[in-house]
Amino acid sequence: MASGVKPRVKVPKTAAAGEAVTIKSLISHKMESGQRKDKEGNVIPRSIINRFTCEFNGQMVIDVTLEPAISTNPYFQFEATVPEAGEFVFTWYDDDGSVYDTKKKIEIA
Amino acid sequence: MEISRRETLALCLGAAVLTMMPFRANAAVEDAISAFTGGADVAEGGVTLTAPEIAENGNTVPIEVSAPGAVSIAVFAAGNPTPGVATFNFGPLAASQSAATRIRLAGTQDVIAVAKMADGSFAKASATVKVTIGGCGG
C-alpha cells in the first residue's frame with residue numbers, strides 16, 4: 001500500500017438540528033494514474049483510491065467513485081444535513097484493497 | 001462500369017462522412033457518457049459546473065459541480081487518456097447535490113458534468129479549461 005496515507009476531515013463540532021454543514025475531506029495519497037513512466041520507460045502501475053464514502057449514523061451522505069484523473073491527495077468538499085447528534089464515518093478504498101477510515105462526532109447545539 | 005447518379009451521390013455522402021469524422025468530439029467521451037446515461041437523451045442546463053478558465057497546473061484543477069435534484073453527477077474530461085474523472089452519488093443526508101474536488105487535466109480541453117436527476121432524466125454542462133502545464137506525467 002501507499003505509505004504515509006493520512007486522512008483528514010474538517011467537520012464543525014456542533015450544528016443545529018436539521019442544519020446543513022460543509023464538510024471538507026483530504027487524504028494524503030499519491031494517486032498513481034497508471035499513465036506515467038519511470039526513467040527506464042516502464043509504466044508505473046496504477047495505484048489510486050477508487051472510492052470514497054461519507055455516512056452519518058449509518059445513512060449515506062455521499063459516495064464518490066474516483067478515477068485516475070483525480071489529483072494527488074484527493075480532496076472533497078460537500079454538504080451534509082445533520083438531523084441529530086451522531087457520528088460521521090468517512091471511508092476511503094484503495095486499489096490494493098486497503099481501507100482507511102476516520103470518524104468525527106457532531107453535537108446538536 | 002457505369003456509375004449511376006444514385007451511386008455517385010452515395011459515394012459523395014460517404015466521403016463527406018469520412019472527412020467529418022475527425023471533427024466529431026472524442027468518441028471515448030461519448031462512449032463514457034452513454035455508459036453512464038444508458039443511451040438516454042441528455043438535456044443542456046440544470047447543472048452548474050464551476051471550473052477555472054485557465055489552469056496553470058493541470059495536476060490540480062479545482063472544479064465544483066452542483067445539480068439540484070440530482071441523484072448522481074458524473075464528471076468527464078474530454079481530452080484525458082481516460083475520460084472518466086469521478087462520479088458523485090448523493091445519499092439521503094446530502095444537504096445539497098453539490099461537491100468540489102481537484103482533478104487532473106492532460107491539456108486544454110472540455111470538462112463535462114452529466115447529472116442524473118431523481119426522475120431519471122439527464123442533464124449536462126461543460127466548461128473549457130485552458131491548461132498551461134499538463135497533468136499526465138512526462
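Predicted, not measured: the structure shown is a model, and the values here were computed from it. For the numbers below, each heavy atom of this structure counts, side chains included, while hydrogens, waters and symmetry mates do not.
Two different hydrophobic clusters hold B:V47 and B:I103 under the rule that ILVMFWY side chains link at heavy-atom gaps under 4.5 Å. Taking hydrophobic clusters as Ile, Leu, Val, Met, Phe, Trp and Tyr residues chained together by side-chain heavy-atom distances below 4.5 Å, A:I106 shares a cluster with A:V9. Residue A:Y75 is not grouped with residue B:V129 when hydrophobic side chains (ILVMFWY) are merged at heavy-atom distances under 4.5 angstrom, including chains of intermediate members. There is a path of hydrophobic side-chain contacts, each under 4.5 Å, that joins B:F90 to A:L66. A:I49 and A:I44 fall into different hydrophobic clusters, where Ile, Leu, Val, Met, Phe, Trp and Tyr residues are linked whenever their side-chain heavy atoms come under 4.5 Å apart, directly or through other members.
The residue among B:V75, B:V61, B:T60 with the most heavy atom pairs within less than 4.5 Å of chain A is B:T60. When the candidates B:A86, B:P83, B:A100 are compared by the number of heavy-atom contacts under 4.5 Å with chain A, B:A100 comes out ahead.
Remark: B:D41 CG is loosely packed, at most 12 non-hydrogen atoms of other residues, nucleotides or ligands lying under 6.0 Å away. Heavy atoms of other residues, nucleotides or ligands lying less than 6.0 angstrom from CD of A:E84 number more than 12. Within a 6.0 Å sphere centred on CD of A:E107, other residues, nucleotides and ligands contribute 12 heavy atoms or fewer.
A:A80 and B:A95 make their closest contact through C-CB, 3.6 Å (heavy atoms, listed as atom of the first residue, atom of the second, distance). A:Q59 approaches B:P92 most closely through the heavy-atom pair NE2-CG, 3.6 Å. Between A:S71 and B:N59 the shortest heavy-atom distance is OG-O, 2.6 Å. Listed here is the closest heavy atom pair of B:A94 and A:V61: CB-O, 3.4 Å.
Side chains of B:R104 and A:T72: a donor-acceptor N/O pair is present below 3.5 angstrom, by distance only.
Contact of A:P74 with chain B is not made at all, since no heavy-atom distance falls under 4.5 Å. For A:L26, the part lying near chain B is the side chain, with the backbone staying farther off; criterion is any non-hydrogen pair under 4.5 Å. Neither the backbone nor the side chain of A:T22 comes within less than 4.5 Å of any heavy atom in chain B.
Using a 4.5 Å heavy-atom cutoff, the side chains of A:E55 and B:L93 are not in contact. Contact of the B:N89 side chain with the A:T53 side chain is not registered, since no non-hydrogen atoms from C-beta on lie closer than 4.5 Å. Counting heavy atoms from C-beta on, the side chains of A:Q35 and B:T82 come closer than 4.5 Å. With a 4.5 Å cut-off on side-chain heavy atoms, A:I70 and B:T101 count as touching. B:F88 places a side-chain heavy atom less than 4.5 Å from the side chain of A:F76.
Once rounded to the nearest 0.5 Å, the distance linking OG1 of B:T87 with CG of A:D63 reads 9.5 Å.
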